[in-house]
Amino acid sequence: MASSTPHTILLQVNGLERPVFEKLAGAATIKPGHMLTTNGADVVINATAKIDTTLMVAIEHGFRNTSGTTLNIETAYADNDTVPFIYPQAGDLVYMILEQGENVAAGAALEAADGGELQAFTDGAVIGIAEEACNATAAATRIKVRIA
């Protein structure tokens, strides 16, 4: 039986394919699905909640963990690894991470949280809309997000 858990970050594009960019990781905690920013030459996890910025999302490396029990999208990049990332566009469906302590319904607006994750919209900038209900009250959880 096929898995119902996605194994890729970019699930659907609105129109043409998205180009993949690469920069070195500035920390050893970046996982596919994290919101990124740059610290000059490297990419790092976005640490600013409610930020209104250009959206950059780390994606999976195509040749890492292609078999085994740990999904490729759950493998963190080591410091100075090359991190592939995209600039998702409005309408794209992206598999991101909902911050621990959050519980959202399908259709809920989402904004940036700290740690490269997302949270329910309060008064920041809407990143996207929850494509599915997601309960992350116990731990950060992956969520399908339709980019706004």
Side-chain angles (χ1 to χ4, degrees), residues 2-39 42-66 70-78 81-148:
S3 172
S4 62
T5 303
H7 298 280
T8 60
I9 298 303
L10 186 58
L11 301 173
Q12 187 179 62
V13 294
N14 181 18
L16 301 173
E17 293 295 318
R18 297 288 163 257
V20 175
F21 300 89
E22 294 180 336
K23 283 190 180 259
L24 295 180
T29 54
I30 298 170
K31 281 188 177 179
H34 274 140
M35 267 185 74
L36 302 175
T37 190
T38 61
N39 66 0
D42 301 332
V43 289
V44 293
I45 291 174
N46 173 59
T48 307
K50 304 179 183 185
I51 192 168
D52 185 8
T53 187
T54 301
L55 183 58
M56 301 165 59
V57 178
I59 63 171
E60 70 282 355
H61 189 287
F63 302 107
R64 290 172 53 169
N65 293 350
T66 55
T70 303
L71 294 177
N72 190 0
I73 62 173
E74 296 303 331
T75 303
Y77 292 99
D81 267 1
T82 299
V83 178
F85 64 93
I86 57 166
Y87 294 97
Q89 306 296 310
D92 289 353
L93 185 62
V94 183
Y95 204 35
M96 296 180 76
I97 304 167
L98 187 65
E99 182 178 53
Q100 179 179 346
E102 296 290 317
N103 185 6
V104 298
L110 302 169
E111 66 187 6
D114 54 7
E117 299 169 344
L118 299 176
Q119 64 189 18
F121 176 78
T122 55
D123 60 358
V126 174
I127 298 292
I129 305 299
E131 189 82 357
E132 60 188 353
C134 186
N135 185 345
T137 54
T141 305
R142 293 219 175 252
I143 183 172
K144 295 175 184 172
V145 178
R146 185 70 63 181
I147 302 301

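Note that the structure is predicted; figures quoted are calculated from it, not measured.
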Checklist entry - So which pairs with a foot in residues 8-34 pass side chain to side chain donor-acceptor pair (under 3.5 Å), sequence neighbours left out? => result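 The answer is Gln12-Arg146, Arg18-Asp92.
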
Checklist outcome for this item: The complete set of side chain to side chain donor-acceptor pair (under 3.5 Å) pairs with one or both residues in residues 97-115, sequence neighbours excluded, reads Glu111-Gln119, Glu111-Thr122

To the nearest 0.5 angstrom, please state how far the [atom1] atom of [X] sits from the [atom2] atom of [Y].
X      : Y      : atom1 : atom2 : answer
Leu55  : Thr37  : CG    : OG1   : 11.0 Å
Leu98  : Thr141 : CG    : OG1   : 6.5 Å
Asn39  : Ile45  : CG    : CD1   : 12.0 Å
Ile73  : Thr5   : CD1   : OG1   : 8.0 Å
Ile30  : Leu24  : CD1   : CG    : 10.0 Å
Ile127 : Thr53  : CD1   : OG1   : 8.5 Å

Checklist entry - Heavy atoms, side chains only, cut-off 4.5 Å: are Leu118 and Ile97 in contact? => result no

Checklist entry - Do Leu10 and Val20 come close enough that some side-chain heavy atom pair is under 4.5 Å? => result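 When only atoms from C-beta onward are counted, Val20 and Leu10 do not touch, as no gap falls below 4.5 Å.
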
Which atom names give the shortest non-hydrogen contact between [X] and [Y], and what distance separates them?
X      : Y      : value
Gly26  : Val44  : CA-CG1, 3.9 Å
Ala78  : Ala25  : O-CB, 3.5 Å
Ile9   : Ala58  : CG2-O, 3.8 Å
Val104 : Ala130 : CG2-CB, 4.2 Å
Cys134 : Ile143 : CB-CD1, 3.6 Å

Backbone of [Y] reached by a side-chain donor or acceptor of [X] within 3.5 Å:
X      : Y      : value
Asn72  : His7   : no
Arg142 : Pro6   : no
Glu132 : Lys144 : yes

Item to check | ring pair (Phe, Tyr, Trp, His ring centres under 6.0 Å) contacts touching residues 86-107 (sequence neighbours left out) | outcome: Phe21-Tyr87, Phe85-Tyr87

Checklist entry - Who passes side-chain hydrogen bond (donor to acceptor under 3.5 Å, both in side chains) against Thr38, sequence neighbours left out? => result none

Item to check | All pairs passing salt bridge (charged side-chain N to carboxylate O under 4.0 Å, His left out) where residues 43-54 contributes a residue, at least two apart | outcome: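 Found Lys50-Asp123.
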
Checklist entry - Can you name the side-chain contact (heavy atoms from CB on, under 4.5 Å) partners of Asn46, sequence neighbours left out? => result Met35, Thr48, Ile51, Ala112

